[in-house]
Amino acid sequence: LFRWIPEALNLDQLLHGVISESRAISVLRQLAETIGRHHGQGLVQKDLHFGNFAIADDTIFTFDPGSIEVKNSPIPKSAAADNLALFFAQMDPVYVNKCNMPELVDAYVDARGEDRERPETPKLWKRIVKERKRRMDRFLDKMLRSCRRVAVHKLLSGRKALIDRSADQETLLRLISTIDEIDDLTDGTTFQFDSTECQIDVYPEAQSSLFGFSELGPAPRAWRSAQRLLLEQVPVVRPLAFVDGGSKRCSWILTQCASGTSLQSALADEATDLDCTARSVAEILVRLDQLNLIHGKMSKRSFAVWSSSAYLTHIEFLTDGKERDMDRTIATSSDMRDLLRVWHGDPFAESLLGALNDHGYAFDL
């Protein structure tokens, strides 16, 4: 039992609350210095996460001493780099970039004391990407169990359905049971759920258990990707239910389409606000860039539009950009080149590139 330090703020609550970027960078710099002093003194916080640190009177305090490993000398370079990668991996990706990282690494190196060898940026970046994915996968493995967030129901067909608990479960289960009785499901079929139009996305080659998320077919991968993107604050078309595949029928996901339309259809409508829609699409592209996620099949149909706000679709094609260098961006991705080639000469392309440039990119208009 620990007595909390008066006026202390837990860093997890602080950094995930309402905080300016300059304040966040200042706190992260102090935390990098704290970790550097730990490593220089032969200490490693094995359970390194923001919840195990607090700040009071501009001083960082470390908690959970039971998870601190004590060495008789400064931490070796490889082990220190792994621990440092864990530090960066839990930050919002907006702070883990070629502008902010060097400042934080410098603060860490200066605080280490006797061993001031700077970690190699490319190697550290790869460790960060790997650690971030591992942390997200572990969290999703816990979250996507039968728990308060999702529920598992056995259908009359014998198959199981994974259902979003935030929806009207009783009504949703009746709808899923009705769909499950259809002999030949067709991709794109729509149903009404709770006064909202929903769409079925059918995946023909997925035969995996609900929670066997290691080697995924398209349907469970799309469900899992959606949950990850929602956690990462990326607007996506929300999946309401996932039914796993069997020997006679495909896996399928019921997605909430609302009353939206595809971006392709929206651009054909003269009433569409191009600038507002472009800003919304640009924000999705920038966020995917920050998260180091690559969409392998981007097109005008990869976005849904509702009230000039865009939502990402076809998320089963998302993959982690494991080999992408830190200084590469969506400006150099094949995704963006393909997308802009499709939109060449379209007024929407000019609005989109302008919105991306407002985020700090340098596209040629």
Determine yes or no for a side-chain-to-main-chain donor-acceptor pair under 3.5 angstrom, with [X] supplying the side chain and [Y] the backbone.
X	Y	result
Gln90	Leu48	yes
Thr178	Arg174	yes
Gln199	Leu254	no

| said: If we count only N and O atoms by modelled type, under 3.5 Å, do the side chains of Asp57 and Thr59 hold a donor and an acceptor together? | reply: no
If you look at every heavy atom in [X] and [Y], which pair is closest and at what distance?
X	Y	value
Ile75	Gly42	CD1-C, 3.6 Å
Leu274	Phe348	O-CE1, 3.8 Å
Pro239	Asp164	O-OD2, 4.0 Å
Ala241	Ile163	CB-CG1, 4.3 Å
Leu263	Val281	CD2-CG2, 4.3 Å
Phe193	Cys198	CB-SG, 3.5 Å

| Within residues 67-108 or reaching into it, pairs that qualify as ring pair (Phe, Tyr, Trp, His ring centres under 6.0 Å) - sequence neighbours excluded | His39-Tyr108
| Between Leu230 and Phe317, is there a shared hydrophobic cluster once you connect ILVMFWY residues whose side-chain heavy atoms come closer than 4.5 Å? | no
| query | What salt bridge (charged side-chain N to carboxylate O under 4.0 Å, His left out) pairs are there with at least one residue in residues 17-30, not counting sequence neighbours? | reply | Arg29-Glu103
| request: Sort and list the pairs that fulfil salt bridge (charged side-chain N to carboxylate O under 4.0 Å, His left out) and have at least one residue in residues 31-47, not counting sequence neighbours. | output: Lys46-Glu69
Using the side chain to side chain donor-acceptor pair (under 3.5 Å) criterion, which residues pair with [X]? Sequence neighbours excluded.
X	result
Ser67	Gln45, Asp64
Asp168	Thr171
Thr186	none
Asp82	Arg127

Show me the donor-acceptor pairs, under 3.5 Å and distance only, between side chains in residues 307-315 and residues at least two apart or in other chains.
unit_1, atom_1, unit_2, atom_2, d
Thr313, OG1, Arg301, O, 2.9
Thr313, OG1, Ser302, O, 3.1

| said: Listing request: all side-chain hydrogen bond (donor to acceptor under 3.5 Å, both in side chains) pairs with a residue in residues 265-278, at least two apart in sequence or in separate chains. | reply: Ser262-Ser265, Asp275-Ser351
| task | For residues 7-17, pull every pair meeting side-chain hydrogen bond (donor to acceptor under 3.5 Å, both in side chains), keeping only residues two or more places apart or in separate chains. | result | Asp12-His16
| said: Would you say that more than 12 heavy atoms from the other residues, nucleotides or ligands in this model lie under 6.0 Å from the NZ of Lys130, or not? | reply: no
| said: Heavy-atom count check: over 12 atoms from other residues, nucleotides or ligands less than 6.0 Å from Gln233 CD? | reply: no
| query | Below 4.0 angstrom, N of the basic side chain to O of the carboxylate: do Arg279 and Glu283 qualify? | reply | no
| field | Residues Arg132, Glu232: salt bridge by 4.0 Å N-O rule | value | yes
| Mind checking who shares a hydrophobic cluster with Ile68, ILVMFWY linked at side-chain heavy-atom distances under 4.5 Å? | Leu43, Val70
| query | Taking only residues two or more places apart in sequence or in another chain, which ones pass salt bridge (charged side-chain N to carboxylate O under 4.0 Å, His left out) with Asp106? | reply | Arg118
